[in-house]
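Worksheet for the structure shown next.
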Amino acid sequence: MADTPAPARVRFAPSPTGFLHLGGLRTALFDWLFAHHTGGQFILRIEDTDQKRYNPESLQDLMRGLRWLGLEWDEGPDIGGPYAPYIQSERKEAYGKYADWLVENGHAYRCYTTAEELEELRARNLPYDRRHRTLTPEQRAAFEAEGRPSVVRFAAPLTGTTTVHDVIRGDITVENTSVVDPVLLKSDGLPTYHLAVVVDDHLMEITHILRGEEWIPSAPLHKMLFDAFGWPAPEFVHLPVILDPSGKGKMSKRRTVVDGKEFSPFVSDYVTGGYLPDAMFNFLANMGWSFDGDQEIFTRAEAIARFDVKDISPKATALPFSKLDWLNGMYIRQMAPSELHQALVPYLAPALGMSEGDLAHDRRLAELTPLIQERIKLLTDAAPMVDWAFLPAEAITYPDPAQLIGKKLSAAESLDVLAAGAEIVADIEPFEVAALEAAFRSRAEAMAIKVGSFLAPVRVAITGRPVSPPLFESMHVLGREESLARIDNARQALHDYAATLA
RNA sequence: GGCGCAUUCGUCUAGGGGCCCAGGACACAGCCCUCUCAAGGCUGAGACACGAGUUCGAAUCUCGUAUGCGCUACCA
């Protein structure tokens, strides 16, 4: 059964103009998956041929995001490789050389059209009119003598059609005349994307081009270039775009509010937002590809074994973030408690005002972790669930004393409950969860109060909140003295409150 | 406008002529469990864009329409 595909060389080729976003991460993920599936290489190549939009922070963000997800590259700018360098601005001479070759062989020509002239055409909604495609040597010499800057344009075939085979969509055919002699080499001497991508994919022996579907319209041009050079073209795999959660339009490159909720396209926001790399990996792998009809959760190894570019769906997808949250919760519940404890520390330490070192060895957090494990979806959910345990009793105020009154109980009855609770907490031996539970339950029964109602006042007294981790465990975390202090404070608060009611 | 790509529950998807009066998942609703909240279990509601054709038979093939999206730079 094991089909052994030829090792593929696939590259993720972002341009360092902004921060890594989810769409880019998904592309990189598919690159990585396919490379590993075939036993090939995953290559990171930086396409920084647009110096105007270059953003120096971008590269670091890009690499950090990729590594966070676990997408290590086999060749790339920081680790080198047999086809180095992997940053296009450092490969400038090569592009010039290949552009010259095209010019010499009649596949390209120098164009001296000025920006103003181009602007004129655009204003009239006209494409470039190939005006310098057939310049005489004299005309060319005249422009050069003038000192006019020039670009190199591709001399696209003027008749016929070009067909590109896309692995996901099949054949795509366009009229050659629709390719209007695009610029290959800019007047600053750097190549445009079109030249650079073709030259580098060939030089780096890329076998499969995975990129967003916004590149479909220029794929025929790339095919023409491979043909002009006499090089075999790699397989084209155009990935479906990722849409805003609203489902309308390409995912924007900034934080947006959809249905009253803010969502971010930036990977770094998910790192700080408490998401687990494994969950994000699983989530993204399900965008445009699926493991099979009814298994949503799978390991990286399982995905690698099954992944194939030809199974990718051509349909654009809106990101279902609620599913990401669900997945994150699933992965959190699968963690060993000690592992979760460690993962929580960097998120909790600032919120609790503690050092990471202290918190990593804190007994309370170790004890609390398994209690909140099935109650949090994000690592950032933990703080409001455990902060009460790290506060002194005096800091637990009861701004809404009415919360200390149990369901179907009067204030007086609730006061009685707290009194009973204080008695139990003071006397119970040993001060352990099982003993506490047995004592509270039998006392509730003795007082003919439902357990839920009986525990409610105590819960608020102990944690300051009507919703908390399991009560007996919570008291155990605090210890006898601290628990008692809180119940006493709560009794006072409720007593004062009851007085105002009367 | 031109060119291109796409179209199964609200969303992510399975399915590629009969297995489908369409399966799974998230979200949603109800019930169960339960010290709160979760988690878990069960149940429910919910889709083949439309129209022609091909065929004994179409979600699946063909054509058209509609809608959406993308591209149309000396940006990638």
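Everything numeric here is computed off the predicted structure, so don't read it as measured data. Excluded from the calculations below are hydrogen atoms, water molecules and symmetry mates; all remaining heavy atoms, backbone and side chain alike, are included.
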Please give the distance between the [atom1] atoms of [N] and [M] as a whole number of Å.
N	M	atom1	answer
B/rC48	B/rG17	C1'	15 Å
B/rA66	B/rA25	P	38 Å
B/rA6	B/rA29	P	37 Å
B/rC21	B/rA47	C1'	13 Å
B/rG64	B/rG23	C1'	31 Å
B/rA59	B/rU8	P	15 Å
B/rG51	B/rC31	P	40 Å
B/rU60	B/rC26	C1'	26 Å

Below 3.5 Å, does any donor atom in the side chain of [X] face an acceptor in the base of [N], or the other way round?
X	N	value
A/Lys315	B/rA6	no
A/Lys250	B/rC69	no
A/Thr192	B/rC74	no

Problem set entry | Output field: ring centroids A/His208/A/Phe236 closer than 6.0 Å |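 Here the rings of A/Phe236 and A/His208 have centres that are no less than 6.0 Å from each other.
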For this session: Kindly compute the distance separating CG (A/Leu276) from CD (A/Glu339), expressed to the nearest 0.5 Å.
Result: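 CD of A/Glu339 is found 8.0 Å from CG of A/Leu276.
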Exercise. Relative to each other, are the rings of A/Phe291 and A/Phe298 parallel, tilted or perpendicular (30° and 60° limits)?
Worked result: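 Rings of A/Phe291 and A/Phe298: parallel, under 30°.
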For this session: Rounded to the nearest angstrom, tell me the gap between atom CD in A/Glu120 and atom C1' in B/rA73.
Result: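 Whole-Å distance recorded here is 17 Å.
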